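None of the values given here were measured: they were computed from a predicted structure. Counting starts at 1 for both ligands and their atoms, in listed order.
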Amino acid sequence: MAILDIDYHAGNGTQDIFYERADVLTISIHADPDYEYPHYIGFANETGTGPGLGHHKNFPLPKGTDDTRYLSTLDEALEMIRGFAPDYLVLSAGMDIFDADPLGQFHVTRAGIRHIGIKIASLELPTAVIMEGGYANAELGENVVTLLENFK
Ligand SMILES: [Zn+2]
């Protein structure tokens, strides 16, 4: 199994649970904890421990991360997942990466969210999508539909 966390905030709980396991690849793309909650975890040098070493990856990103930056980072994450060749994927889908999110400081547009969905779906893995954050309430439903519409 692989878990990909695209919520704006670092996936601290997921990281903690699977940090010592080699059978689960966990990847989180998120706001750098240098400026964003949770400030104590989610740094690039945290890569697992013991048998889990190399099976966790954090991609901390700067304020103002736009579609281009986000999607190129996602490409790196998806390469890791392809290399790990899991039987299935769990996607922690936080929509607080959205440009207009009141808590987030990324500038990922709806077109960016569409491409995120297309890229993740292109893994062609059985995928469980778990809804996480997202606080731009008026746009949340549309964003989630946009993310999901390219999964079969
Ligand atoms: Zn969040």
Exercise. What about Val24 and Ile27, same hydrophobic cluster or not, with Ile/Leu/Val/Met/Phe/Trp/Tyr joined at side-chain heavy-atom distances under 4.5 Å?
Worked result: no
For this session: Treating Ile, Leu, Val, Met, Phe, Trp and Tyr as nodes and any side-chain heavy-atom pair under 4.5 angstrom as an edge, say whether Ile97 and Ile3 lie in one connected cluster.
Result: no
Exercise. Does Glu36 come within less than 4.0 Å of Lys63, counting only side-chain N to carboxylate O?
Worked result: no
Exercise. Looking at Gly133 and Met131, what are the two nearest heavy atoms and their distance?
Worked result: O-CE, 3.6 Å
Exercise. Hey, is there an N, O or S on His9 sitting under 2.8 Å from the Zn ion (ligand 1)?
Worked result: yes
For this session: Looking only at N, O or S atoms, find the one in Asp96 nearest to the Zn ion (ligand 1) and name it.
Result: OD2
Exercise. If you look at Asp7, which of its N/O/S atoms is nearest to the Zn ion (ligand 1)?
Worked result: OD1
